[in-house]
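Single-structure report; data block below.
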Amino acid sequence: MSTPVEDTQDLTGSRVELEIGPVAHGGHCVARWDGRVVFVRHTLPGERVVAEITEGGAGDRFLRADAVEVLTAAPGRVASRCPVSGPGGCGGCDFQHVDLAVQRELLGAVVEEQLSRLARIDRRVVVRPPLGDEDADGLDWRTRVTFATGSDGSLGLRKHRSHEVVPLDACPIASPELPDVLSLPWPASRVLAVAGSGGDRFVGAYDVTGDLPSVETDGLMADGRRVSGRAWVRERVRDREFRVGGSGFWQVHPRSAETLVDAVLRAADVRPGERVADLYAGVGLFTAFLAEAVGPEGTVLSVEGDARGSRDAKRNLHDLPQAAVLHGDVEQLLRRGDVGERCDVVVLDPPRTGARAKVVRAIAALRPRRVVYVACDPAALARDVATFASEGYDLGEVEAYALFPMTHHVECVAVLDRRS
């Protein structure tokens with residue numbers, strides 16, 4: 001079916017047979033056609049498929065495509081349990097067609113490839129399910145969902161790499177504890193629904209120019225007017241309760257926070273009396289348990305750039321005098337010396353773009369014996385690991401978790417130790 005084409009030809013909508021190669025970062029696999037790389041969604045390595053080009057022309061270096069027919073299936077392919085997850089459908093899930101154990105193998109391969117290509121480190125990475133979630137089916141877990149509004153006011157989720165909204169009656173990966181917002185029309189462009197582990201529920205409506213007033217689920221109103229109730233939820237981890245602004249950052253899987261706390265504490269191995277910096281600390285999740293670990297003779301500095309997150313952190317850490325909260329841009333605070341001259345351990349959980357070179361070098365200047373890097377993007381992690389290596393820090397243990405079943409997202413907790 002493959003024939004040469006003119007360089008100016010738009011290939012969108014063309015269908016070709018492809019042999020599918022390895023998985024790549026981003027929820028697709030790699031194939032080759034007519035001398036170009038093709039990133040193909042809804043497939044698995046080793047399959048032969050008919051793919052429809054969704055982006056690209058004959059003169060482009062790479063193309064994007066959806067597998068619309070599977071000619072030869074690979075082990076691990078299963079029937080999707082979401083009616084809108086396939087080609088041309090909702091872009092929220094990448095792997096509804098993949099067995100959960102195979103999903104974790106794919107994620108591990110992605111982390112390994114990124115570390116090898118970007119950091120020149122060959123490392124076997126085993127991706128685990130969330131703690132206590134080993135027998136789960138990968139559905140009913142997402143406790144925070146931002147729905148988009150269609151032209152008729154109904155809610156849905158966007159197509160992959162598109163602003164087009166796919167209407168939904170239900171979302172299979174959404175927690176059944178979420179407030180029911182799909183049955184209402186909304187005047188806003190986005191609607192956030194939250195189910196806190198402390199039993200609270202929250203709805204926030206947002207338009208293109210900013211926030212509309214938040215509303216609480218006991219009196220949902222489709223016109224965006226505020227009704228009685230608070231605009232934050234309680235989240236419980238171990239024996240502690242955290243206050244989180246309804247639209248603030250918190251892990252979306254109900255087992256994620258405990259899974260990451262467990263991994264971070266094990267990786268950091270902090271000792272009583274040590275000085276620890278928790279960078280990009282959010283509402284103080286890691287700070288709280290690190291503060292308990294260093295004890296009253298130690299100190300933990302919680303550094304967060306989001307003002308709302310810092311305010312929540314002060315409330316969440318009020319019973320821990322050894323914990324201090326510092327609000328401001330992480331890079332600027334490190335550069336100015338506000339974080340201090342020395343730290344024993346640094347924990348960082350940067351945004352998807354990673355910490356980047358200036359922050360990595362500033363952390364290294366603190367001369368911590370150990371750095372614990374929590375990463376939601378393996379490419380950013382690998383780039384920063386390479387910079388840490390140039391600053392005298394070697395990569396140790398890497399734990400990885402599939403905290404977002406059915407998606408390409410993977411969370412890593414990496415140890416970096418100062419070279420002797």
Side-chain angles (χ1 to χ4, degrees), residues 1-74 76-98 103 106 109-110 113-114 117 146-152 154-168 171-173 189-190 208 352 377 379 404 406-409:
M1 294 179 64
S2 301
T3 56
V5 291
E6 297 295 329
D7 284 351
T8 58
Q9 182 178 344
D10 180 9
L11 297 177
T12 302
S14 302
R15 292 195 172 191
V16 294
E17 286 189 14
L18 297 174
E19 298 281 352
I20 303 301
V23 66
H25 182 33
H28 43 245
C29 294
V30 178
R32 292 189 178 274
W33 173 68
D34 196 30
R36 300 170 186 79
V37 169
V38 187
F39 296 115
V40 191
R41 285 171 57 81
H42 313 296
T43 191
L44 280 167
E47 293 188 327
R48 183 166 184 82
V49 305
V50 176
E52 182 174 304
I53 306 300
T54 56
E55 291 183 40
D60 294 329
R61 291 187 302 108
F62 67 88
L63 308 171
R64 297 184 185 275
D66 285 345
V68 294
E69 182 183 352
V70 179
L71 304 176
T72 305
R77 176 173 283 276
V78 298
S80 171
R81 287 166 291 178
C82 176
V84 296
S85 68
C90 170
C93 290
D94 308 289
F95 296 136
Q96 279 279 352
H97 62 288
V98 185
Q103 289 183 34
L106 295 177
V110 167
E113 190 273 336
Q114 296 294 304
R117 183 169 61 87
T146 301
F147 296 100
T149 309
S151 57
D152 61 354
S154 63
L155 295 184
L157 294 171
R158 299 188 190 280
K159 291 184 178 182
H160 181 63
R161 295 176 61 84
S162 171
H163 294 292
E164 185 177 347
V165 177
V166 178
L168 294 177
C171 175
I173 67 170
S189 59
R190 292 179 294 134
V208 293
R352 194 166 301 282
D377 184 277
F404 314 91
M406 307 296 173
T407 80
H408 74 273
H409 299 292

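Scope of the values below: all heavy atoms of this structure, side chains included, with no hydrogens, waters or symmetry mates.
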Original post:
Are any of the side-chain heavy atoms of Q96 and I173 separated by less than 4.5 Å?
Top reply: yes
Original post:
In chain order, what residues pass the side-chain hydrogen bond (donor to acceptor under 3.5 Å, both in side chains) check against D66, with sequence neighbours excluded?
Top reply: none
Original post:
Run the side chain to side chain contact (heavy atoms under 4.5 Å, CB included) check on R77 and T43 step by step: do they pass?
Top reply: CA-CA 8 Å; R77 176 173 283 276; T43 191; 4.3 Å; yes
Original post:
Given side chains that start at C-beta, do those of R32 and V37 come closer than 4.5 Å, heavy atoms only?
Top reply: yes
Subject >> Sole candidate of L71, L18, I20 that passes side chain to side chain contact (heavy atoms under 4.5 Å, CB included) when paired with R48 >> reply: L71
Original post:
Just wondering, more than 12 heavy atoms not from R352 lying within 6.0 Å of its CZ?
Top reply: yes
Subject >> F39 vs L63 side-chain heavy atoms within contact, under 4.5 Å >> reply: no
Original post:
Hey, what do you get for CG (L11) to CZ (R36), rounding to the nearest 0.5 Å?
Top reply: 6.5 Å
**OP:** Flag the pair H28 / V40 as yes when at least one side-chain heavy-atom distance between them is below 4.5 Å, and no otherwise.
**Re:** no
Subject >> Rounded distance [0.5 Å steps], CZ in R41 versus NE2 in H408 >> reply: 9.0 Å
Subject >> From M406 atom CE to D94 atom CG, the distance as rounded to the nearest 0.5 Å >> reply: 11.5 Å
Original post:
Could you go step by step and tell me if D377 and H25 meet the side chain to side chain donor-acceptor pair (under 3.5 Å) rule?
Top reply: CA-CA 9 Å; D377 184 277; H25 182 33; 3.1 Å; yes
Original post:
When rounded to the nearest 0.5 angstrom, what is the spacing between SG in C29 and CD in E19?
Top reply: 13.0 Å
Subject >> Min side-chain heavy-atom separation V165-R158 under 4.5 Å >> reply: yes
Original post:
Does the pair V70 and L44 meet the rule for a side chain to side chain contact (heavy atoms under 4.5 Å, CB included), with working shown?
Top reply: CA-CA 10 Å; V70 179; L44 280 167; over 6 Å; no
Original post:
To the nearest 0.5 Å, what is the distance between CD1 (I53) and OG1 (T12)?
Top reply: 8.0 Å
Original post:
Between R15 and E69, does at least one N-O distance fall below 4.0 Å, as a salt bridge requires?
Top reply: no
Original post:
Below 4.5 Å, heavy atoms only, C-beta onward: do L157 and F147 meet side chain to side chain?
Top reply: yes
